[in-house]
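As structure tokens, the structure follows; a few thoughts come after it.
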Amino acid sequence: MTTERVIEAAGVRKNYKGGTDGAGLNGFDLEVTAGTVTGLLGPNGAGKTTAVRILSTLLELDSGTATIAGFDVRRQGAEVRRRIGLVGQYAAVDEVLTGRQNLVMFGRLNHLRNHKSRADELLERFSLTEAADQAVSKYSGGMRRRLDLAASLIVAPRVLFVDEPTTGLDPAGRMEVWSAVRQLVDGGTTVLLTTQYLEEADQLANRISMLKEGKVVAEGTPDELKTQLGSDWLDLVLTDPADVPRVVELAGPLADGEIRVQDVRVSVPVKDRTKALVAMANSLHEAKIEPEDLTLRRPTLDEVFLHLTGDAA
Amino acid sequence: MTGLGWALADSWTIARRTLLHWRMQPGLVLFNWFFPVLMLLLFGGLLGGAMESPEGSSYYELLVPGIFALSMLFGLEGTMTAVTTDVSKGVTDRFRSLPMSSAAVVLGRCIADMLDSVVTLVVLAATGLALGWRWHEGLPSALAAFGLLLLLRFALLWVGIFIGLTVKNAQSVTMVQVLVWPVGFLSSTFVATSTMPAWLGTIAQWNPLSATATAARALFGNPDPSATATWIGTHAGLAALIAPAVLIAVFLPLSAHRYRTLSR
Ligand SMILES: Nc1ncnc2c1ncn2[C@@H]1O[C@H](COP(=O)(O)OP(=O)(O)OP(=O)(O)O)[C@@H](O)[C@H]1O
Ligand SMILES: [Mg+2]
């Protein structure tokens, strides 16, 4: 894998005219290496769509710089557009037309000679061959998303932007889209994916940038981010709710932070993984408490996310 | 291919998209083409008996060219709705993210809507002929009249594109659609402006729709009492050229500007 940077953004600022102050982007930085999937993670209004629209030349930035494959998004828009695919937050396909008609049209607009055979290829690849001649308005959410993806891949792009690909999809639709994205990555496309779902970023992305109020507040591999939060967690599930206070007392000396209790589940933040696990097991044994479950785990990305975006309870 | 070649090819691709829509939704498009026919039959039946037509001619002689002009105005709604839908559904964004000619999105719309208007006029004219309306000044003159009508449509197209790009949501389009009606009625479409109260007649006469309707009647050789009453009445032909030209001069650059600044 090369280490060529295909997306570079530095200090990008964008204030929407007529929008509230601070909305948009406030010094957004991003570096994406060729052939990787980067997840841009953030809550509603964090600026994910704004970032994607700026990088794909749909929106002008106020200040800062952004380049795609070395081409400046502001001054070399046409060059940038030749190298990107964009899957917007809302499926942007013509609902009246059939799947095939859509792909043929976008193929023509990409100035592709073999647009017909290319459309067939893509329909096949995204399992839409059967529905190819149905109007898109009859498609399910997942099928529509897949068609949307196919339309962005007519000319194999260097960089693919995918804005919240699975928002509003049911689990089956989500799986369909995930497998489609994975296929792309196997084909060598660099993907920038935005999402509100940590699970999605964890599943698909090599690197994650967490966005808050238009700024990247943390960046790294999913593992690095989990480590950044520090402690691991010892999760105990008890059989008898009456044991909870006793267990909390026993766990006290091991805890590296606040112990969380939820029904019969006790979560203890710990520093020294194995030592804590052994100590806890011994104490439980001595106290003759038989837990239903005792596990050691890394923090979930949700916990990292809540911690970093400062919404932690 | 050259840049211009691609711009034309892309425009045609976008226009074909609308033609495909017609094929996919024949009911909807047929309704659009026959709606003006309905207006013609309705108003012809409703007002035909009560209307005093000059020289004993049929009311359709006055009404048919009026409905021609009115249908050009109604075309505005289609343009507006199509543009707004594409913007709000993100289709325009997809086009803008492609390495295609940026003028094509708007030019393609233009080609499709002009074709739509030609069909509308053909359907209306056929109905008119069946009802007894005739052109009396020969075919070239009649074609010139149709040319004037299409010029008005072309001008209104840019108004439609501009509003469509500006409002960005379907609700506001409904408001504009409602406003189209008084503009349509306050003209010489259904009655000669000379029969209206003076102040109303003056407003109606200066309505670009009246200019085109009156000028078209002259070219078809259909009687129109509005034509002689005032300065604007006698210069309808000139007004039917100038008014669309002004609309184009204002709204074409505005639309182009709006399209370019979708990125702000
Ligand atoms: N066209 C606009 N005009 C004014 N403000 C806007 C516009 N688009 C977005 N904003 C504001 O900019 C901020 C960032 O919006 P953006 O759409 O980039 O967020 P997002 O992370 O994509 O959110 P979501 O998860 O809801 O899609 C929000 O506060 C939003 O209200
Ligand atoms: Mg968004």
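For clarity, every value in this text was computed on a predicted model and none was experimentally measured. What's counted below: heavy atoms across the whole structure, side chains too, no hydrogens, waters or symmetry copies.
- For a residue to count as touching a neighbouring chain, one of its non-hydrogen atoms must lie under 4.5 Å from one of that chain's; by this rule A:Val80 does not touch chain B.
- For the pair B:Arg94 and A:Phe106, the cation sits on the ring face: its NZ or CZ lies under 6.0 Å from the ring centre, inside 45° of the axis.
- Contacts between A:Arg53 and chain B at a heavy-atom distance below 4.5 Å involve the side chain alone, from C-beta outward.
- Judged by a 6.0 Å distance limit and a 45° cone about the ring axis, A:Arg174 is positioned over the six-membered ring of A:Tyr197.
- Only the side chain of A:Glu95 comes within less than 4.5 Å of a heavy atom in chain B; its backbone stays farther off.
- Taking a cutoff of 4.0 Å between a charged side-chain nitrogen and a carboxylate oxygen, A:Arg108 and B:Asp10 do not qualify as a salt bridge.
- Heavy-atom distances place no part of A:Asp62 under 4.5 Å from chain B, backbone and side chain included.
- Using cut-offs of 30° and 60° on the angle between ring planes, the pair B:Trp6 and A:His111 is parallel.
- Listed options A:Ile54, A:Asp94, A:Asn110 were ranked by heavy-atom pairs under 4.5 angstrom with chain B; first place goes to A:Asp94.
- At a heavy-atom cut-off of under 4.5 Å, chain A is reached by B:Arg23, B:Met24, B:Gln25 from residues 22-34 of chain B, listed in order of number.
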Run B:Trp158 and B:Phe162 through ring pair (Phe, Tyr, Trp, His ring centres under 6.0 Å) and show every step you take. CA-CA 6 Å; B:Trp158 294 102; B:Phe162 175 73; over 10 Å; no
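- Per-residue counts of heavy-atom pairs under 4.5 Å with chain B were compared for A:Ile84, A:Leu59, A:Val96; the largest is that of A:Val96.
- Here A:Arg125 does not pair with A:Glu121 in a salt bridge; the nearest charged N to carboxylate O distance is not below 4.0 Å.
- Of the possible donor and acceptor atoms, one in the side chain of A:Lys14 sits under 3.5 Å from a partner among the backbone N and O of A:Glu60.
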A:Thr50 and A:Tyr16: CA distance, side-chain angles, deciding distance, side chain to side chain donor-acceptor pair (under 3.5 Å) verdict: CA-CA 10 Å; A:Thr50 308; A:Tyr16 285 102; 2.9 Å; yes
What do the steps show when you test A:Asp72 against A:Thr67 for side chain to side chain donor-acceptor pair (under 3.5 Å), and what is the final call? CA-CA 4 Å; A:Asp72 187 292; A:Thr67 59; over 6 Å; no
